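Written out below as C-alpha cells is the structure these notes cover.
Whatever order the structure lists ligands and atoms in, that order sets their numbers, starting from 1. One-based numbering along the sequence shown. Everything numeric here is computed off the predicted structure, so don't read it as measured data.
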Amino acid sequence: MLLNGKTEIVGIIGYPIDYTLSPAIHNSAFRSLNMNWLYIPMRVLPDQLATALVGFRALGFKGANITIPHKMAAAILMDKLRGDAELLQAVNTVSLEDGRTVGFNTDAKGFEDFLKEAGIDLENQGVTVIGAGGAARGVVLAVARRGAAKVFVMNRTNDRTLELKDVLKSAISNSEIFERTFDNEGAKVIKESGLIINCTPLGNTPEDMPPVGLENFHEGQWVVDLKYRKTGTFLRAAAARGARTASGEGMLLHQAAASFQIWTGREAPLRNMREAMNREIVR
Ligand code: NAP
C-alpha cells in the first residue's frame with residue numbers, strides 16, 4: 001500500500017489491542033476497492049482516551065473503532081451520539097465530521113446481521129445473555145429486534161444488569177428483560193433458552209468457565225461465544241451436548257462492514273473482508 005499526503009487514516013483504539021483482527025479486515029477492504037486509506041491499531045490506556053480523541057482531530061483522522069475498555073467512556077466524550085450509540089450509551093465507531101467527534105454503535109447491527117446470516121430465528125424464543133457489559137447491551141438490543149420474547153441477562157454483578165435494563169427499557173417494547181445471577185435459577189433458564197450468548201471474557205479453558213450449569217445445554221439450542229480466534233471449552237461443552245455453536249466472527253465482520261460504510265459512504269466488500277478475517281484467524 002502506497003502511503004502519501006492523500007492517505008485517509010482510520011484505526012482502532014483499545015487496551016489490550018494485540019488480539020485485534022480489524023486492521024486485517026479493513027486494510028484488505030481498502031486494497032480491494034483501490035482506496036488510499038489506512039487502518040491502524042492503537043494501544044490507548046484508559047486515562048489517555050480523552051487525549052487520544054483530541055489527537056484524532058489534530059491529526060485529521062477520518063474516524064476510528066473503539067473497543068475494550070473504552071466504549072462507555074467514549075460515549076461521554078463525543079461531541080454528538082447517533083442511532084444506537086445514543087440508545088446504548090456506548091460507542092464502537094467514531095466519525096470525524098467537520099472536526100467534531102460523532103459516536104456510532106454498530107455492535108447491535110453486527111449481531112443482528114450475524115443472526116440473519118446464520119438463520120437463527122428468535123420469534124417467541126427465550127434468550128440467555130451471559131454478561132452485562134458493553135457487548136451484552138448491543139446483543140440484548142439485537143435479539144429484542146429479532147423478536148425474542150424473553151431475554152434473561154445473567155451477570156456476576158446484578159447492579160450492572162439493572163443499569164443495562166434501565167438503558168434499554170425505552171428501546172425495547174416487544175421483549176421482557178429479566179435479571180439472573182449465577183445460581184440454580186440461572187441454570188434453569190439456560191435449559192429453557194433457544195439461544196445462549198456468552199458476552200464475558202470467560203470460557204476459553206476449563207478453569208475459567210462461566211458458572212452457568214453447562215450440563216443444561218442440549219440439542220435444538222444455539223450457543224454463541226462472542227470471542228473470536230479461540231473456540232474454547234465453553235463452545236466445545238455446548239457442542240458435545242448437541243447444541244449448534246458459533247463464535248464471534250460473524251458479529252465482528254458485520255459490525256466492521258457497518259463502520260466501513262459510516263467512514264467511507266461506500267458499501268463494504270463483505271466477501272473480501274470475510275476472507276481477510278479468516279486468513280488472519282488461521283495465521
Ligand atoms: P465489558 O464491558 O468489560 O464486560 C465484561 C463482562 O464480563 C461483564 O458482564 C463482567 O461482569 C463479566 N466478567 C468479566 N470477568 C468475569 C469473571 N471473572 N467472572 C464473571 N464475570 C466476569 O466487556 P465487553 O465489551 O462487553 O466484551 C465482552 C466480551 O465480548 C469480550 O470477550 C470481547 O472480546 C467480546 N466482544 C466481541 C465482539 C465481536 O464482534 N465478536 C464485540 C464486542 C465484544 P461484571 O459486570 O460482574 O464485572
Side-chain angles (χ1 to χ4, degrees), residues 12-22 24-26 41 46 49 65-75 84-85 88-93 104-115 117-118 128-142 152-165 167-168 177 179-183 186 196-213 224-235 245-260 273-274 277-278 280-281:
I12 180 165
I13 61 176
Y15 187 85
I17 197 69
D18 327 24
Y19 63 89
T20 183
L21 302 174
S22 298
I25 295 172
H26 284 282
L49 177 64
N65 283 129
I66 309 277
T67 189
I68 288 185
H70 302 307
K71 289 182 185 180
M72 289 184 202
D84 286 353
L88 300 169
Q89 291 297 306
V91 166
N92 82 330
T93 306
F104 296 81
N105 194 308
T106 65
D107 280 341
K109 175 162 173 40
F111 197 72
E112 254 187 284
D113 287 351
F114 153 74
L115 289 172
E117 193 174 69
T128 297
V129 174
I130 307 167
R137 285 185 185 187
V139 164
V140 171
L141 182 59
F152 299 94
V153 178
M154 199 182 289
N155 198 44
R156 175 178 59 177
T157 314
N158 203 46
D159 279 357
R160 221 158 168 209
T161 312
L162 294 174
E163 248 175 70
L164 177 150
K165 276 180 79 169
V167 163
L168 291 179
I177 304 176
E179 73 256 21
R180 290 287 185 274
T181 49
F182 297 129
D183 56 17
I196 297 119
I197 310 120
N198 178 23
C199 302
T200 75
L202 305 175
N204 283 330
T205 63
E207 293 75 40
D208 75 349
M209 297 298 278
V212 294
V224 179
D225 192 331
L226 286 200
K227 287 184 291 300
Y228 40 87
R229 272 187 205 281
K230 292 176 182 149
T231 42
T233 315
F234 181 77
L235 286 187
T245 62
S247 55
E249 285 113 29
M251 177 179 180
L252 174 74
L253 178 72
H254 289 291
Q255 63 77 31
S259 297
F260 182 97
M273 292 167 97
R274 191 191 308 275
M277 178 181 75
N278 290 340
E280 193 64 15
I281 286 167

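With Ala132, Ala135, Pro210 as candidates, the residue nearest to atom 24 (P) of ligand 1 on a non-hydrogen basis is Ala135. In this structure, of Leu226, Ile197, Leu252, the residue bringing a heavy atom nearest to atom 41 (N) of ligand 1 is Leu226.
The distance criterion of under 3.5 Å between nitrogen or oxygen atoms is not met by Ile68 with respect to ligand 1. The shortest N or O to N or O distance between Arg160 and ligand 1 is under 3.5 Å. At a 3.5 angstrom cut-off on N or O pairs, Met251 does not count as close to ligand 1. Here's the thing with Phe182: none of its N/O atoms is less than 3.5 angstrom from an N/O atom of ligand 1. Of the N or O atoms in Arg156, one or more lie within a sub-3.5 Å distance of an N or O in ligand 1. Checked by distance only, ligand 1 and Leu202 stay at 3.5 Å or farther apart across all their nitrogen or oxygen atoms.
Val140 approaches Val129 most closely through the heavy-atom pair CG2-CG2, 3.9 Å. For the residue pair Asn92 and Thr106, the shortest heavy atom distance occurs at OD1-N, 2.8 Å. Minimum heavy-atom separation, Arg137 to Leu88: NH1-O, 2.8 Å. The two residues Leu162 and Glu179 make their nearest non-hydrogen contact at CD2-OE2, 3.4 Å.
Atoms of ligand 1 lying under 4.0 Å from at least one heavy atom of Thr200, given by number and element, are 7 (O), 12 (C), 32 (O). Listed by number with element, the atoms of ligand 1 under 4.0 angstrom from any heavy atom of Gly134 are 2 (O), 26 (O). In summary, the atoms of ligand 1 found under 4.0 Å from a heavy atom of Pro201, numbered by their order in the structure, are 7 (O), 13 (N), 14 (C), 32 (O). The ligand atoms of ligand 1 that sit less than 4.0 angstrom from a heavy atom of Thr157 are 45 (P), 46 (O), 47 (O). Near Lys71, meaning under 4.0 Å from one of its heavy atoms, ligand 1 places the atoms 43 (C). Listed by atom number, the atoms of ligand 1 under 4.0 Å from Tyr228 heavy atoms are 41 (N). Remark: ligand 1 atoms within the under-4.0 Å shell around heavy atoms of Gly131 are 9 (O).
Put simply, the side chain of Asn105 gets close to the backbone of Ala90: a donor and an acceptor are under 3.5 Å apart.
Within the 4.0 Å heavy-atom shell around ligand 1 one does not find Met72. Within the 4.0 Å heavy-atom shell around ligand 1 one does not find Pro69. The shortest separation from a heavy atom of Gly110 to ligand 1 is not under 4.0 Å, leaving the residue out of contact.
Taken from CG in Leu164 to CG in Asp159, the straight-line distance is 12.5 Å, to the nearest 0.5 Å. The CG atom of Asn278 sits 9.0 Å away from the CD1 atom of Ile25 when rounded to the nearest 0.5 Å. Distance CG/Leu252 to CG/Asp107: 9.5 Å, rounded to 0.5 Å. Atom CD of Glu112 sits about 14.0 Å away from atom CD of Gln255, to the nearest 0.5 Å.
Ranking the protein heavy atoms by distance from atom 32 (O) of ligand 1 puts Lys227 CG, 3.4 Å first. For atom 4 (O) of ligand 1, the closest non-hydrogen atom of the protein is Gly133 CA, 3.5 Å. Of the protein's heavy atoms, Cys199 O, 3.3 Å lies nearest to atom 28 (C) of ligand 1.
At a heavy-atom cutoff of 4.0 Å, ligand 1 is contacted by the side chain of Asn155 but not by its backbone.
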Practice item. Walk me through it: do Met209 and Thr233 pass the test side-chain contact (heavy atoms from CB on, under 4.5 Å)? Key: CA-CA 8 Å; Met209 297 298 278; Thr233 315; 3.6 Å; yes

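Side chain to side chain, Asp183 and Thr181 meet the donor-acceptor criterion of an N or O pair below 3.5 Å. When only modelled atom types and interatomic distance are considered, Asn65 and Ser259 share a side-chain donor-acceptor pair under 3.5 Å.
Between His26 and Phe260, the ring planes are parallel. Angles under 30° get that label, and only those over 60° would be called perpendicular.
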